[in-house]
There are 2 protein chains.
Amino acid sequence: MPLKLLLIEDDPLLASTLTETLTVENQRVERIADGGEALDRLSFDHDYDLILLDLNLPNRSGLEVLEALRSRDRQTPVLILTARAAIEDRVKGLDLGADDYLAKPFALDELEARVRALLRRRQNDPSEPLMLGSLSFDRQRQHFTLNDTALSLPPREHRLLACLIHYAGEPVDKARLLDEAFAGEAVGDNAIEVYVHRLRRRLAASDVRLRTVRGIGYLLEVE
Amino acid sequence: MPLKLLLIEDDPLLASTLTETLTVENQRVERIADGGEALDRLSFDHDYDLILLDLNLPNRSGLEVLEALRSRDRQTPVLILTARAAIEDRVKGLDLGADDYLAKPFALDELEARVRALLRRRQNDPSEPLMLGSLSFDRQRQHFTLNDTALSLPPREHRLLACLIHYAGEPVDKARLLDEAFAGEAVGDNAIEVYVHRLRRRLAASDVRLRTVRGIGYLLEVE
DNA sequence: CACCAACCTTACAGTTCCGTAAGGTAGAAC
DNA sequence: GTTCTACCTTACGGAACTGTAAGGTTGGTG
């Protein structure tokens, strides 16, 4: 899933440099140079992963844009990027709902690192589903989807698979499974083997494999 | 619920200034001056709301502390607070999993604003449980607790109660229940009445009531 | 090879869950 | 009051879930 960034910046030179830099690391960067236009756009599109916001804009100030955005959407991370370096500006920006504040001039490396830090949050944000091949897991609703159809599981198998997909790609040992998936539920050792067996049956028709790592435990992966 | 901050900083003067400043805005600030001790503490306590981390520490470097923390817990926000201002240090800190990086010397006002920005995230984050009297619901783990003991429910009752506590205090009509709790699961009308009955039995010994609103639906409330 | 431990597979029985059916109760309208 | 409808309660059989047991496989080790 390509990440979608919005850059609100009126300086054409800086904007093109940033667009170029960020496009390499991430995916799509849209750019808007005008405050009023930014307001319009944000009232339609709610699905940006990150907004980079300059404060000195034609038509509307960046702070106005931020305030309007936050009145509707307090989710999307905003990084303010501006020549205004005074402490009071920073405090104001952050308190209006920005997540970070970087004063110009700045090093591109630092901007990239801060962007990564903000986007990283999304990763372990439970509203983003975990994906593994054709299997996906909505952590919010605790709901699996396989090949685009709902996959409903009995409680025990559900917990087991949820734990495994959480550590997708790396082996999870039985002790950890007992601890995290079945905390205090007196599940025997052999019982897990049976759950695994049943899960394998269900996943057979997909591209997801539940491999056993002898002596360690189990590991969920794409074949 | 008082917020709990951890300050890892060896300079006593700065530490006491920060403790004083932050205690006013928030609640409890614990302070550790030593890198090794920080590692120990963090392997026990996982429930800090924010960690302020200096990089130059006796015994273990702040980056080591950060790395060890992130190998177990990628949730707790970390703000690095250090005299090392070089860009490469910043990039390194942020890429190791820090959420923000503030170079000394800094203005207290800016620190406070950045701390607020980091803590603000927590607010509308589903890791905060829903509470209703002695019943609480951990949205992350989809897990109920009643009178401080785990309340495990069969799937159907679980979904019903989860939906009701989401709208705690206001009536939820059956159509909505069918739609949100049992989406596309062909649950009869009378079946819901039976679930309600069974849930009432379980909640009987608590201060939570599942009231019926005649002609509308059901409503969860504290008696 | 022989042996052992870890793991797989299948079957089965105990338990829990589920939802319909059948009869009872309560509130509202007339 | 009667009547109607919404809701409650209980019981029961079928379905699904769960975990042990028993025997089969596999991979590693001497």
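Per chain, numbering begins at 1; letters A, B, ... match sequence-line order. All figures in this text were calculated on a predicted structure; none of them were measured in a lab.
Looking at heavy-atom distances under 4.0 Å, A:Arg156 makes contact with sugar-phosphate atoms alone, never a base. At a threshold of 4.0 angstrom between heavy atoms, the contacts of A:Arg200 are confined to the sugar-phosphate backbone, with no base atom among them.
Picking from D:dC17, C:dC8, C:dG27 the nucleotide with the shortest atom distance to the side chain of B:Arg214 gives C:dG27. With D:dT18, D:dT9, C:dC7 as the candidates, the nucleotide lying closest to the side chain of A:Pro154 is D:dT18. Listed candidates were D:dA21, D:dC7, C:dA22. Nearest to the side chain of A:Val194 is D:dA21. The side chain of A:Asn190 sits closest to C:dC8 out of C:dC18, C:dC8, D:dC8.
Along DNA chain D, the nucleotide closest to A:Leu153 and the one closest to B:Asp189 are compared, and the more 5′ of them pairs with B:Asp189. Two residues, B:Ser152 and A:Gly217, neighbour DNA chain C, and the one matched to the more 5' nucleotide by heavy-atom proximity is A:Gly217.
Between A:His158 and A:Phe144, the ring centre distance stays below 6.0 Å.
Checked by atom type and distance alone, the side chain of B:Arg60 never pairs as donor or acceptor with a backbone atom of B:Gly36 at under 3.5 Å. Remark: side-chain polar atoms of B:Arg116 are not paired, donor with acceptor, to backbone N or O of A:Asp95 under 3.5 angstrom.
Counting all heavy atoms, side chain and backbone alike, A:Leu119 lies closest to A:Asp49 at CD2-O, 3.8 Å.
Between the C1' atom of D:dT20 and the NE2 atom of A:His197 lies a distance of 16 Å, rounded to the nearest Å. Rounded to whole Å, atom C1' of D:dC7 lies 6 Å from atom OH of B:Tyr218. Taking atom CG on A:Leu199 and atom P on D:dC17, their separation rounds to 12 Å, with Å as the unit. For the pair A:Arg198 CZ and D:dC17 P, the computed distance is 10 Å after rounding to whole Å.
Listed pair A:Lys174 / C:dC7 meets the phosphate criterion, a side-chain N or O lying under 4.0 Å from OP1 or OP2.
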